[in-house]
Amino acid sequence: MSKVTTLEEAAASVPDGATVAIGGLSMNSAPMALVRELARQQKKDLELVAIVAGMAVDWLVAGGCVRRVLSGLVSFEGLGLAPNFRAAVQSGRVAIEEYSEHLLICRLQAQSHNLPFMPTRAGLGTDVLGLHAASGAVREEKDGPTGEHYVACTRLPVDVALVHAHEADERGTTRVNPKLVWMDNEIVNAAARTVASVERVVDTEAFTSQPERTTYPRFMIDAVAPAPRGSYPCSCFPDYGHDSGFFTAYSQAARDPETFRRFFHEQVVGPDTWDDFLAANDVSTGAPA
Amino acid sequence: MSKVTTLEEAAASVPDGATVAIGGLSMNSAPMALVRELARQQKKDLELVAIVAGMAVDWLVAGGCVRRVLSGLVSFEGLGLAPNFRAAVQSGRVAIEEYSEHLLICRLQAQSHNLPFMPTRAGLGTDVLGLHAASGAVREEKDGPTGEHYVACTRLPVDVALVHAHEADERGTTRVNPKLVWMDNEIVNAAARTVASVERVVDTEAFTSQPERTTYPRFMIDAVAPAPRGSYPCSCFPDYGHDSGFFTAYSQAARDPETFRRFFHEQVVGPDTWDDFLAANDVSTGAPA
Amino acid sequence: MSTPVPGYDCTIDELMAVTFSRAMSNDTRAFNGAVSFIPVCGYLLARRTHAPELVWAASSIAVDADPEEIGDSTLSDSLWGRASMLSNSPFDFWSYAQGARYNTFAFRGAQMDACGNVNNTVIGPYESPKVRLPGGGGMADLGAMIPRIYLWSSTHDPRTFVERLDFRSGMGWGDGGDHRERMGMPGGPRLCITNLCVFDFEPASKRMRLASLHPGVTADQVQEATGFEIAMPDGDVPITARPTAEELHILRTEVDPTSARRREF
Amino acid sequence: MSTPVPGYDCTIDELMAVTFSRAMSNDTRAFNGAVSFIPVCGYLLARRTHAPELVWAASSIAVDADPEEIGDSTLSDSLWGRASMLSNSPFDFWSYAQGARYNTFAFRGAQMDACGNVNNTVIGPYESPKVRLPGGGGMADLGAMIPRIYLWSSTHDPRTFVERLDFRSGMGWGDGGDHRERMGMPGGPRLCITNLCVFDFEPASKRMRLASLHPGVTADQVQEATGFEIAMPDGDVPITARPTAEELHILRTEVDPTSARRREF
């Protein structure tokens, strides 16, 4: 009955064409070990839901796994644009469905709350809404009694959510410690299945002794894949920070297609295991400082 | 600049006629010390918002402070009906505006999110919705594109929220420890002002050393009133449980008007200070077990 | 307080708790409200017998709670012992409820009608009630949201089981037939477990139908104690199954050693 | 990387941070997004000088953070030192934002127009962009929700300050005039602080108006560097006020000892 599995098996459970929501925020707490494994397994035609993302989207785009990205923002912050994402969108190779953070969150909430829509003021007055006029995925409305403008955000079905956390037990009870979920709870609540990579698998007693620190109840987590430093090169507060050096080297390599091909193979998808990947990037898997 | 005040001054800041939201859930974490002080000060015409409540509402009704109650449920659970609430509603002396938990929560969310309404499926098919047909406070709607039924819950303005917590500092940073808010965050978010009674006032360092445990940021708390065992006879997990004996004695007394008048004076509003009240009820204010 | 069940080595509260337990399964994901001693016993017992994976959140807060005993409030923290999680996000909770991540809830009403709707708001006219009851609490919410609804009552009499509710606080099968489906509501009431019998619901009309009689109770007695006409199954009505010695032992010694379940009787 | 300001004992990044700081007050309740070094310096400096009660939530998470230094990401945990709260409820956050509990936010866009609207989505046509930018992130949300909006730019040139955005990612004063009011949006942009000048907004048209010129910069230079016609105030345009020695000392030694603010230049 254990939900503990391997990164390889967890990634294998994601079918081509799936809608995959990716946790974390920007350079924080992204499920990079799971994402790397999706790229290694050469998934095809994935539709990514990534509220505020960066390297995870870029790896999957570089790996040729992505059909469409639903996002509020994809960047490396001050370290630059996400190069493969940028190029793929500019060339039309990858489609983008444009949102803001809260429009996307509200679509996820409509899904998790099983409601026809969630209202927000997000997006009013911007060009984002016009992009959705045909599909009606988000639509501007006027409240009858008050005449107030709002945006109705319709359901967004998600096949799989991928999140990274500190600890889980065999039953799937999961802890981000301290409990800072960014917006990961929104994707977990909306997704049909959730896979969590974790820094370490612990005994259930670790949860029953501090139950107020538990982040996800076991019935919300379908599979647990151990991955020490599983957010690298992103951060996993407070265990480790993001590695600016990796971001910079990656961006540098991306200036030349051949250089990038080599870098992406040697430093990202080439290494057989997550441990090999960390070794290739000179990262210790020892206890967090 | 300190936000620390007394129960007396905190209660004095609540004007007659105010809409007052009362925290806690049933026999848990109700702000009883603040409520007692409102009754002592003989507030008039209060409109109470009490999602799932009991003794707090009954004290204020017994004290003649209440014009109207907006609630999902008022009871002493298995220990009986809330006797003064029951009698006052039956006689028409106190008006009730009938909700369910989630209808009331969604009205509070519409208020806190500054939206014309929040949608829910709560209440569909029940007689609760019909009671609001005239006011439109909550109204059944049908979503255009999907034809799905939902209930639109309009804003509920709240003048003051009263909540009980474990610890606060002078600046108003407040901790429920462990962080179990029941639905208190909904009333705090919706209210124009929030008064927190606390088991103890602590240094800011108590928060900066464990910032992930903070429950309310200082800008959401307007006044802090120290009140050790301030939820008595309700519980404040894990410091103390509810006192079933008080509930039973109170209900017993309420069977006879004269007996109740004496009980209510001697055991509830008569004692001058909160410490006197606790002493009158044989409650120790010592350190929690 | 604890009527013996003729021929069974148990009392009626025990028969009801065991019957409730047996209706649960490994994919039950439940939570409970106030004054819910029979369901709480049922969830705990099911988890210790045939449904080890069953999820139960004590008072909707404490997931996997395994309390040493059950106190005088099923909403209180005394139920939370050994939980794997104390939930602190009402927002996540309502997402779990509306999205059927929690799939099971149990009600009892001061009044219940043939279609399993419940009243806990008023006895008598709403505007000038004879008795003002606590109010529906989460009934109006969860009745519309949760697919597997269970009803129970320790007072099977015509004042409780009525032809017409004075107020519909919570939705069961509504007006019957396809009412829930038309409203977009998932599932509906499955069983009503009383001190006399077990009802299920007739598939087309969605009215209460006698599913089993507790030992020593006749169908006529049930009809007499019920304010609406009960539907009868094809063929004989079975006797409610006998609790095993193991179930009773676990219920009495591990789940509820202080007999809190009798508070409902 | 750090142009000296003629006649002032500071560089342009320092002048901008101090100018931003002075626009803040004791009732400022702010949070910040990505690549927001100037605003982060401004909040921290204001709190250490004239606005001790100012609320700032580092990366919208860490309330009252007081970091030892500012790292290479204004969204990262390196900013969270000595916070009084690490917020963990996105739901509460959006309630604070929509309800103006947080009242202050600062944007910079790859493009900005005369009414303070911003573009961070694409350069060129949306369907076949010349440059795909990161996307608006929270711009479309916060532009509509937050009453006190501040804009800044370290690249005051005609490519940044344009007559017409290629895409409106975030709402400033919209089409100008009463557009925000008609949409039910609170407040609007107050200032735009650039490496050449400070703009405020002309009250009726809601177009950028020269509020002050940094030392050594002329109004003509600003107009040349701006792709739309700038509004001029009545009377002379003042020079942007000189930072005090105390402000500069605190900025350089306490707020931002590693000069992270220069990452934007």
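As a basis for the values below, the full set of heavy atoms in this structure was taken, side chains included, without hydrogen atoms, waters or symmetry mates. Residue numbering restarts at 1 for every chain, and letters A, B, ... go by the order of the sequence lines.
- Most heavy-atom pairs under 4.5 Å with chain D: of the set A/Glu186, A/Glu98, A/Lys179, this distinction falls to A/Glu98.
- Counting heavy-atom pairs closer than 4.5 Å to chain A, the top-ranked of the candidates D/Glu127, D/Gln98, D/Met145 is D/Gln98.
- When heavy atoms are compared at a cutoff of 4.5 Å, D/Ser169 approaches chain A solely by way of its backbone atoms N, CA, C and O.
- With a 4.5 angstrom heavy-atom cutoff, A/Ser71 does not touch chain D via any of its atoms.
- Counting heavy atoms from C-beta on, the side chains of D/Asp72 and A/His242 come closer than 4.5 Å.
- The greatest number of non-hydrogen atom pairs below 4.5 Å with chain D, out of A/Gly147, A/Gly78, A/Gly123, is found for A/Gly123.
- A 4.5 Å side-chain heavy-atom check between A/Thr120 and D/Trp94 finds every atom pair outside the cut-off.
- D/Asp77 places no side-chain N or O within donor-acceptor distance of the main-chain N or O of A/Phe237, the cut-off being under 3.5 Å.
- Distance check: D/Ser128 OG to A/Gln90 CD gives 10.0 Å after rounding to the nearest 0.5 Å.
- A/Glu101 places no side-chain N or O within 3.5 Å of a backbone atom of D/Gly137 that could act as its donor or acceptor partner.
- Among all heavy-atom pairs drawn from A/Arg121 and D/Ala144, the shortest one is O-CB, 3.4 Å.
- Rounded to the nearest 0.5 Å, atoms CG (D/Asn119) and CG (A/Asp127) are 8.5 Å apart.
- With a 4.5 Å cut-off on non-hydrogen atoms, A/Ile51 does not touch chain D at all.
- The side chain to side chain contact (heavy atoms under 4.5 Å, CB included) test with D/Ile61 is passed by exactly one of A/Leu25, A/Leu180, A/Asn28: A/Leu180.
- With a 4.5 Å cut-off on side-chain heavy atoms, A/Trp182 and D/Leu75 do not count as touching.
- Proximity to chain D (any heavy atom under 4.5 Å) is shown, for A/Leu104, by neither the backbone nor the side chain.
- Residues A/Leu124 and D/Met171 are not in side-chain contact: their nearest non-hydrogen atoms beyond the backbone lie 4.5 Å or more apart.
- Looking at D/Met185, only its side chain comes within 4.5 Å of chain A, counting heavy atoms on both sides.
- Taking each heavy atom of D/Pro134 and A/Leu81 in turn, the nearest pair found is CD-CD2, 3.4 Å.
- Top candidate by heavy-atom pairs under 4.5 Å with chain A, chosen from D/Val122, D/Thr74, D/Thr121, D/Leu165, is D/Thr121.
- Of all heavy-atom pairs spanning A/Val128 and D/Ala140, the tightest one is CG2-CB, 4.4 Å.
- For chain D, no part of A/Glu148 is nearby; none of its heavy atoms comes within less than 4.5 Å.
- The closest donor-acceptor contact from the side chain of A/Arg86 to the backbone of D/Val131 lies at 3.5 Å or more, if one exists at all.
- Counting heavy-atom neighbours within 6.0 Å of D/Arg159 CZ, excluding the residue itself, gives a total of 12 or less.
- Near-neighbour residues of residues 82-93 of chain D relative to chain A, defined by a heavy atom under 4.5 Å from a heavy atom of that chain, comprise D/Leu86, D/Ser87, D/Asn88, D/Pro90.
- In this structure, no portion of D/Leu142 lies under 4.5 Å from any heavy atom of chain A.
- Within residues 172-183 of chain D, the residues having any heavy atom less than 4.5 Å from a heavy atom of chain A are, in residue-number order, D/Arg182, D/Met183.
- Here A/Gly125 is the residue among A/Gly125, A/Gly130, A/Ser75 with the most heavy-atom pairs under 4.5 Å with chain D.
- The closest side-chain heavy-atom distance from D/Arg132 to A/Ile96 is below 4.5 Å.
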